[in-house]
Student: 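Sending over a structure as structure tokens; questions will come in a sec.
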Amino acid sequence: MGSGEGAQRPHCLVTGATGYIGGRLVPELLDAGHRVRCLARTPAKLRDHPWAPHVEVVRGDVTDAASLGEALRGIDVAYYLVHALGSGSGFETTDRKAARLFSEQARAAGVRRIVYLGGLTPADVPERELSAHLRSRAEVGAILLRSGVPATVLRAAVIIGSGSASFEMLRYLTERLPVMVTPSWVATRIQPIAVRDVLRYLVGSARMPDAVSRTFDIGGPDVITYEEMMRRYAVVARLPHRLILRVPMLTPRLSSLWIGLVTPVPPSIARPLAESLRHEVVCREHDIAEYVPDPPGAPIGCDQALTLALQRVRDAQVTTRWSSASLPGAPSDPLPTDPDWAGGSLYTDRRALAVDASPKALWQVIEGIGGKNGWYSFPLAWAVRGWLDRLVGGVGLRRGRRDAARLRVGDSLDFWRVEEIEPGRLLRLRAEMRLPGLAWLEMSVESDGNGRSRYRQRALFHPHGLLGHVYWWSVSPFHAVVFGGMARNIARAAHRAAAAPGNRGVARG
């Protein structure tokens, strides 16, 4: 790596820090003594992470040369952890252009190493027969290896970790379906890897010799079928024996729709994952151990990886989830300010109620909304809206929450995302459901000065075109039930919680 401080403490840039792997890699790099800079389109999404005060966060995008060049200045090791999965049919073009731009800017900035996490591709399968997802991952790796900057391209198959899309698919399919009608790809051999080992390899790659520039296959010690992995999960989770029936005619598209019905993973993400399992993905070498030695007990076996991931879920210690990153194409416009907003029509539904509970008790209810706690009004209407969203390719209500009690900026919350949170005072959610416009839901707490509270709620909608206006007026007759009921039930829940034995101290502050 050279001499001086950089050799002792590599300066690392992490792209994709709001995502599943990136959000876990940052604290691991800090623990290893590295200096870390994060590139984010929306820096505020990293604000509430416990490691945020210890890193530098810069605004930018891998498709913008100016911001990318600035972010790479003074960087020793650049982690490329972004991809356009789920963004539509043009994602391969987007990935290609971004990788080329990143390569050019990294070389111009004098970066010493690029580290990329890609997908494990099957042996002896022509590129044209690979899924678009795997083909694009392989192409990105090849572009980075040709960049003129030494590159480490890690190739993994199924990553097992709490909150990963692969683990969530496995968990929900196995837990919800004692009898499963499955596609033929469940008999394909795979080599899963624990997320802890993925992170260990990523961190260790920062100190590879400059002369090393190549791909490395990374995987756990077990080579099994997806069917066997489901059976092993059932054992780890102490579920009854699962009956698995294979149906050859289930195509990847049908498989993704089936996965979307049963699991929180939407078809747009499930389909490339399912397509990637059509071919055998098994490591052909373990050369990474020469540069990142395996400690005792590593790599972690499948059963232990499943146990660790499941325990994290049960202990509510999931630090990042597959839904941590914003959906490609999700709205990112700022919240309009009213009444002087000049951006066009802005429909607003306002509610305000006096609450016979302290601001603290009211805030606890607000911050706990969604997921298993629901939305405090007309559950059937929310469920139907979630199902309708999934039918048109949206995320629906099944994403739930990362943490049952606490929220942070950037968290996904059913079909919303936390846009702003001021603990004890304000929660603002941005809709990520399929809508003909932009929508927000805002909940706030005020004190009346006498130990009680005032609850304020705003639902805002900025329509796109005529369809947006029609949508608002078609659903507005139900607002009194949905939004009005929500406000009243949140107030009642806060009062009940404050009046419960042991909580009387929060009823009046």
Student: Where do Leu426 and Glu442 land on the side chain to side chain contact (heavy atoms under 4.5 Å, CB included) test, with the steps shown first?
Tutor: CA-CA 7 Å; Leu426 172 73; Glu442 191 175 80; 3.4 Å; yes

Student: Taking the side chain as every heavy atom from C-beta outward, state whether Arg350 and Arg456 have any atom pair closer than 4.5 Å.
Tutor: no

Student: Can you tell if the side chain of Asp448 reaches within under 4.5 Å of the side chain of Arg454, non-hydrogen atoms only?
Tutor: no

Student: Does a side-chain heavy-atom distance below 4.5 Å link Thr93 with Lys97?
Tutor: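 Touching, per the 4.5 Å side-chain cut-off.
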
Student: Any salt bridge linking Arg399 with Glu432? Criterion: basic side-chain nitrogen under 4.0 Å from a carboxylate oxygen.
Tutor: yes

Student: Donor-acceptor pair, Ser444 side chain versus Arg425 backbone, under 3.5 Å?
Tutor: no

Student: Given side chain to side chain contact (heavy atoms under 4.5 Å, CB included), test Phe483 with Leu441 step by step and report yes or no.
Tutor: CA-CA 10 Å; Phe483 292 129; Leu441 178 61; 4.2 Å; yes

Student: Just by modelled atom types, is the Tyr79 backbone N or O under 3.5 Å from a matching donor or acceptor in the Thr15 side chain?
Tutor: yes

Student: So, does Arg417 use its side chain to make a donor-acceptor pair with the main chain of Gly410 at under 3.5 Å?
Tutor: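 Yes, the answer is positive, given that a donor and an acceptor are paired below the 3.5 Å cut-off.
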
Student: Is there a side-chain contact between Met486 and Phe378 in this structure, where contact means two heavy atoms from C-beta onward sitting under 4.5 Å apart?
Tutor: no

Student: Do the side chains of Glu367 and Ile421 get nearer than 4.5 Å, heavy atoms only?
Tutor: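 Sidechains of Glu367 and Ile421: in contact.
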
Student: Check the pair Ser67 / Asp61 against side chain to side chain donor-acceptor pair (under 3.5 Å), numbers first and verdict last.
Tutor: CA-CA 7 Å; Ser67 63; Asp61 191 284; over 6 Å; no

Student: What is the distance from atom CG of Leu101 to atom CD of Gln105, rounded to the nearest 0.5 Å?
Tutor: 5.5 Å

Student: Working to the nearest 0.5 Å, report the span between SG of Cys302 and CD1 of Ile193.
Tutor: 12.0 Å

Student: Quick one: do Tyr471 and Phe461 satisfy ring-ring contact (aromatic ring centres under 6.0 Å, His included)? Show the steps, please.
Tutor: CA-CA 10 Å; Tyr471 172 81; Phe461 183 69; 5.5 Å; yes

Student: Indicate the atoms forming the closest heavy-atom contact of Ile75 with Cys12, along with that distance.
Tutor: CD1-C, 3.9 Å

Student: Which heavy atom of Arg137 sits nearest a heavy atom of Gly119, and at what distance?
Tutor: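 Nearest heavy atoms, Arg137 then Gly119: CB-N, 3.8 Å.
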
Student: Give a yes or no on whether the backbone of Gly449 and the side-chain of Ser447 come within a donor-acceptor separation of less than 3.5 Å.
Tutor: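 Between the backbone of Gly449 and the side chain of Ser447 there is a qualifying donor-acceptor contact (under 3.5 Å).
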
Student: Check for a donor-acceptor pair, side chain of His11 on one end and backbone N or O of Arg35 on the other, with a separation under 3.5 Å.
Tutor: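 Flag not set: sc His11 to bb Arg35 has no pair under 3.5 Å.
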
Student: For Ile159, does its backbone N or O pair with a side-chain atom of Ser164 as donor and acceptor, under 3.5 Å?
Tutor: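 Answer holds: yes.
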
Student: Ring-plane angle category for Trp382 and Trp416, please: parallel below 30°, perpendicular beyond 60°, tilted otherwise.
Tutor: tilted

Student: Do Arg401 side-chain atoms and Ile369 backbone N/O form a donor-acceptor pair below 3.5 Å?
Tutor: yes

Student: Would you say that Ile490 contacts Tyr455 through its side chain, given a criterion of any heavy-atom pair below 4.5 Å between the two side chains?
Tutor: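 A side-chain contact under 4.5 Å exists here.
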
Student: Looking only at heavy atoms, which two atoms of Ser136 and Asp95 are closest? And how far apart?
Tutor: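 Smallest heavy-atom distance, with atoms named: OG-OD2, 2.9 Å.
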
Student: So, taking the atom named CG in Asp411 and the one named CZ in Arg402, what distance separates them when rounded to the nearest 0.5 Å?
Tutor: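 Rounded to the nearest 0.5 Å, the CG-CZ separation comes to 4.5 Å.
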
Student: Under 4.0 Å between a side-chain nitrogen and a carboxylate oxygen: does that hold for Arg47 and Glu420?
Tutor: yes

Student: Between the main-chain N or O of Gly370 and the side-chain N or O of Asp414, is there a donor-acceptor pair closer than 3.5 Å?
Tutor: no

Student: Is there side-chain contact between Leu429 and Met443, with at least one heavy-atom pair below 4.5 Å?
Tutor: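 SC-SC contact between Leu429 and Met443 confirmed.
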
Student: Measure the CH2-CG distance between Trp472 and Leu435 for me, rounded to the nearest 0.5 Å.
Tutor: 11.0 Å

Student: Grab the two heavy atoms, one from Ala234 and one from Pro240, that are nearest each other, plus how far apart they are.
Tutor: CB-O, 4.3 Å

Student: If we check ring-ring contact (aromatic ring centres under 6.0 Å, His included) with Tyr347, which of these qualifies: His479, His469, His462?
Tutor: His469

Student: Let me see the working for Val62 and Tyr80 under side chain to side chain contact (heavy atoms under 4.5 Å, CB included), right down to the final yes or no.
Tutor: CA-CA 9 Å; Val62 293; Tyr80 192 74; 4.2 Å; yes

Student: Among side-chain atoms of Ser377 and Asn489, is any donor-acceptor pair under 3.5 angstrom?
Tutor: no

Student: Do Glu56 and Arg37 meet the salt-bridge criterion of a basic N to acidic O distance under 4.0 Å?
Tutor: yes

Student: Could you tell me if the side chain of Val14 sits less than 4.5 Å from the side chain of Leu39, heavy atoms only?
Tutor: no

Student: Give, for atom CG of Asp403 and atom CG of Leu407, the distance between the pair rounded to the nearest 0.5 Å.
Tutor: 7.5 Å

Student: Look at the side chain of Ser358 and the backbone N and O of Gly451, then say whether any donor-acceptor pair between them is shorter than 3.5 Å.
Tutor: no

Student: Quick one: CD1 on Ile160 to CZ on Phe167, what's the gap to the nearest 0.5 Å?
Tutor: 8.0 Å

Student: When you measure from the side chain of Asp48 to the backbone of Val409, do you find a donor-acceptor pair of N or O atoms at a distance under 3.5 Å?
Tutor: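 Yes, the answer is positive, given that a donor and an acceptor are paired below the 3.5 Å cut-off.
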
Student: Using the side chain to side chain contact (heavy atoms under 4.5 Å, CB included) rule, take Trp375 and Val482 through it: C-alpha gap first, then chi angles, then the decisive distance, then the call.
Tutor: CA-CA 9 Å; Trp375 292 88; Val482 175; over 6 Å; no

